[in-house]
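Mind having a look at this structure? Questions to follow.
Because the structure is a prediction, the values reported are computed rather than measured.
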Amino acid sequence: MKCVAIVDDDPRLRELIRDELIDEGVEPVVCPDGEALLKLLDQRTVDLILLDLMMPNMDGMTCLKHLRERSNLVPVLIVTAFNEDHKRIETKALGASDFILKPDLFERLPKLLEKYLK
């Protein structure tokens, strides 16, 4: 079974995404911030990461940098509420696979899973 990490500081949103992933037949793991994700990845692998940008402790941009410094090539989808072109460009330059606005996530999730978990 494919595993998707949900990295977001909003517990309600994590649970909504978790439930949607279960419905899609994917194993979800949840992390409240980038530090928790990096610790998780020391213990197990995941097939896809849904990464928020704005979080306490370690934000998504810093986490993405650390992932790529570790040569972790797992697809990372930035999931954010902020539609800012400079953030989109910066995350792509750091190796993000996609940039999704939170209001669009649930509608796009089935196709995103199909694309990135083949």
Can you hop from Ile78 to Leu16 via hydrophobic side chains spaced under 4.5 Å?
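Not linked; separate clusters.
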Nearest-0.5 Å distance, CG of residue Leu101 to OG1 of residue Thr80:
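Rounded to the nearest 0.5 Å, the CG-OG1 separation comes out at 7.0 Å.
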Could you list the residues that satisfy side-chain contact (heavy atoms from CB on, under 4.5 Å) with Ile89, not counting sequence neighbours?
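By the side-chain contact (heavy atoms from CB on, under 4.5 Å) rule, Ile89 matches no residue at all.
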side-chain contact (heavy atoms from CB on, under 4.5 Å) between Asp52 and Val79: does it pass, once the steps are laid out?
CA-CA 5 Å; Asp52 186 20; Val79 182; 5.7 Å; no
Tell me, please, which residues at least two apart from Arg18 pass side-chain hydrogen bond (donor to acceptor under 3.5 Å, both in side chains).
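For Arg18 the side-chain hydrogen bond (donor to acceptor under 3.5 Å, both in side chains) partners, ignoring immediate neighbours, are Glu15.
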Under 4.5 Å between side-chain heavy atoms, hopping through other hydrophobics if needed: is there a path connecting Ile17 to Leu48?
yes
Could you give the distance from CG (Asn83) to CD1 (Ile100), rounded to the nearest 0.5 Å?
12.0 Å
With salt bridge (Lys or Arg N to Asp or Glu O under 4.0 Å) as the rule and sequence neighbours excluded, what pairs involving residues 76-92 come up?
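Counting only pairs at least two positions apart or across chains, no salt bridge (Lys or Arg N to Asp or Glu O under 4.0 Å) contact touches residues 76-92.
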Check whether Ile49 and Met55 end up in the same hydrophobic cluster, where Ile, Leu, Val, Met, Phe, Trp and Tyr are linked by side-chain heavy atoms less than 4.5 Å apart.
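Same hydrophobic cluster.
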Give the minimum heavy-atom separation between Phe82 and Phe99, together with the two atoms involved.
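Between these two residues, the closest heavy atoms are O-CZ, 3.7 Å.
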List the atom pairs, donor and acceptor, that lie under 3.5 Å between side-chain atoms in residues 3-12 and the rest of the protein, sequence neighbours left out.
| unit_1 | atom_1 | unit_2 | atom_2 | d |
| --- | --- | --- | --- | --- |
| Asp8 | OD1 | Asp10 | N | 2.8 |
| Asp8 | OD2 | Lys102 | NZ | 2.9 |
| Asp10 | OD1 | Arg12 | N | 2.9 |
| Asp10 | OD1 | Leu13 | N | 3.3 |

Cluster partners of Met1, using ILVMFWY side-chain heavy atoms under 4.5 angstrom, listed by chain and number?
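ILVMFWY cluster around Met1 holds nothing else.
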Identify each donor-acceptor pair in which a side-chain atom of residues 105-118 lies under 3.5 Å from a protein atom, sequence neighbours left out, and give them as a table.
| unit_1 | atom_1 | unit_2 | atom_2 | d |
| --- | --- | --- | --- | --- |
| Tyr116 | OH | Ser97 | O | 3.1 |
| Tyr116 | OH | Asp98 | OD2 | 3.4 |

Could you note down all residue pairs passing salt bridge (Lys or Arg N to Asp or Glu O under 4.0 Å) where residues 25-39 supplies at least one of them, sequence neighbours left out?
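Non-adjacent pairs meeting salt bridge (Lys or Arg N to Asp or Glu O under 4.0 Å): Glu27-Arg44.
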Could you check whether any side-chain heavy atom of Leu94 comes within less than 4.5 Å of a side-chain heavy atom of Thr91, counting everything from C-beta outward?
no
Side-chain heavy atoms under 4.5 angstrom apart, residues restricted to Ile, Leu, Val, Met, Phe, Trp, Tyr: same cluster for Leu77 and Met58?
no
Between side-chain atoms of residues 61-70 and protein atoms elsewhere (two or more places apart, or another chain), which donor-acceptor pairs fall under 3.5 Å?
| unit_1 | atom_1 | unit_2 | atom_2 | d |
| --- | --- | --- | --- | --- |
| Thr62 | OG1 | Asp59 | OD1 | 2.7 |
| Arg68 | NH1 | Asn72 | O | 2.4 |
| Arg68 | NH1 | Val74 | O | 3.2 |
| Arg68 | NH2 | Val74 | O | 3.2 |
| Arg68 | NH2 | Gly95 | O | 2.9 |
| Arg70 | NH1 | Leu38 | O | 3.4 |
| Arg70 | NH1 | Asp42 | OD1 | 3.4 |
| Arg70 | NH2 | Asp42 | OD1 | 3.4 |

